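Take a look at the structure set out below.
Only a predicted model underlies this, so the values are computations on that prediction, with no experimental measurement involved.
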Amino acid sequence: MACLSLIEAKALQKALSGWVSLRTSVFAKNLRTVGGVDCAYATIKGRPRVFACAVVLSFPMLELLEEAFHARPVTFPYIPGYLSFRELPSMLGTLTKLKIVPDVLFVSGQGVAHPRGLGIASHLGVVAGLATIGIAKKPLFGLFQAPSLEAGSVSALTHPDDGSVIGFVVRAKTNVKPLYVSPGHRMDAETAVSIALQCVQKTKLPVPLHLADRLADRLKKALQRATGPDSVECLEPNPVEYVLAKNPWLNLLDP
DNA sequence: GCGACAG
DNA sequence: ATCTTGTCGC
C-alpha cells in the first residue's frame, strides 16, 4: 500500500468502507483497557521517517500499562483524505509490538467522518480488527454547528447527503477548541463520545492520546540528540531513552 | 472555476 | 505534521 496511485487508493477506501461496523464491540461495552496511537516525523541521517507511538492504559483508572513505538520511511505525501496511506504502516508496526491489545483504541484523525467513510481510525480498525475511535483537532468532512462553550457540550456531525450522524463535535474543556470525534470501527458515535469524555482529565485530548503525543515528543528529541552532528553517546537514563538504548535505532532507521 | 482540506 | 517567542490563564 506504499505505492498506490490516488485512483487506486480511493478505490481501496471505498471497498474497505464496506467492512466498517458501527456496532459497539462487547469489549468496548465492558472496557478494561484503552489505548492511543499518534504519529510524528523526524529526518534521521538525512532520511525522512514517520514513527508511531502507542500507549495502553487501564480503564477507568487510566494508569499507564504499556508504551511502544515503531518507525518507517515516509513513502506517501500528505493529501487530505488519504492520511492513512502515509501513517498506517507505522501505526500497525507499533500495535504489533504491544503485549496488551486494548479494548478500544483512540487514533489521531477522523473515523467515518470522511469523504468515503474511511478515515485513518476506520482504516486501522478494519485492518487490525480493533474497536477504534477517531479524534481530530480539525474538521475534514461533515456539517455541524459549533457546540456551546461549556465542557461536555456536543454538536452532531452530519453527512452532507444523508443527513445521517457520522460523529460529534465535542467541547472537552470549557472555552477550548472542540474535538471532532467519530467512530472508527466496531463502535457507534454516541459510545465513542461517551468513552472519549470519560478519558478526559486536565487536557482536551483524551489521556491515551495525550500520552502518545508526549511520548512522540520525547522520542523525537532523543532521536535528534542521538543522531545529531555531535555525539551518539548522550542518552539519559529516563524511560524513553532506556527503550532507545535497548532497541538499536537500526529498527528505527532501516525498517 | 473557486475555495476547503485530518496529520 | 513541523518551525517558532512570547504571552495569557489556571
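A:R116 forms no cation-pi arrangement with A:F141, by the criterion of a distance under 6.0 Å to the ring centre and an angle within 45° of the ring axis. Figure legend: A:K137 and A:Y180 shown without cation-pi pairing, the cationic atom not lying both under 6.0 angstrom from the six-membered ring centre and within 45 degrees of its axis.
Atom C1' of nucleotide C:dT4 and atom NZ of A:K220 are separated by 12 Å, given to the nearest angstrom. Atoms CG (A:L140) and P (B:dG7) sit 9 Å apart, rounded to a whole Å. Look at CD1 on A:I120: it is 16 Å from C1' on B:dC5, rounded to the nearest Å. Taking atom CG on A:D217 and atom C1' on C:dT2, their separation rounds to 11 Å, with Å as the unit. One atom, NZ of A:K204, and another, P of C:dC10, lie 18 Å apart when rounded to the nearest Å. Rounded to an integer number of Å, the gap from A:Y180 OH to B:dG7 C1' is 15 Å. Rounded to whole Å, the distance from CZ on A:R49 to P on C:dT2 is 16 Å. Rounding to whole angstrom units, CG of residue A:L143 and P of B:dC5 are separated by 13 Å.
Between A:Y78 and C:dA1, no base-stacking contact is recorded for ring centres under 5.5 Å apart and planes less than 30° from parallel.
Hydrophobic clustering (ILVMFWY, side-chain heavy atoms < 4.5 Å, transitive): A:V176 and A:V169 are in distinct clusters. In the hydrophobic cluster analysis, where Ile, Leu, Val, Met, Phe, Trp and Tyr join through side-chain heavy atoms closer than 4.5 angstrom, A:F51 is grouped apart from A:V74.
Taking only side-chain nitrogens and oxygens, A:K138 never comes nearer than 4.0 Å to OP1 or OP2 of B:dA4. OP1 or OP2 of C:dA1 lies within a sub-4.0 Å distance of a side-chain N or O belonging to A:K137.
In this structure, A:Y41 reaches the sugar-phosphate backbone alone: every heavy-atom distance under 4.0 Å involves primed, P, OP1 or OP2 atoms, never a base. Among the atoms of the strands shown, none is found under 4.0 Å from any heavy atom of A:A113. Counting non-hydrogen atoms under 4.0 angstrom, A:K173 reaches nothing in the nucleic acid. No engagement by A:G134 is indicated, since no non-hydrogen atom pair under 4.0 Å with the nucleic acid exists.
Side-chain contact annotation: A:Q13 with A:S17, donor-acceptor N/O pair under 3.5 Å absent.
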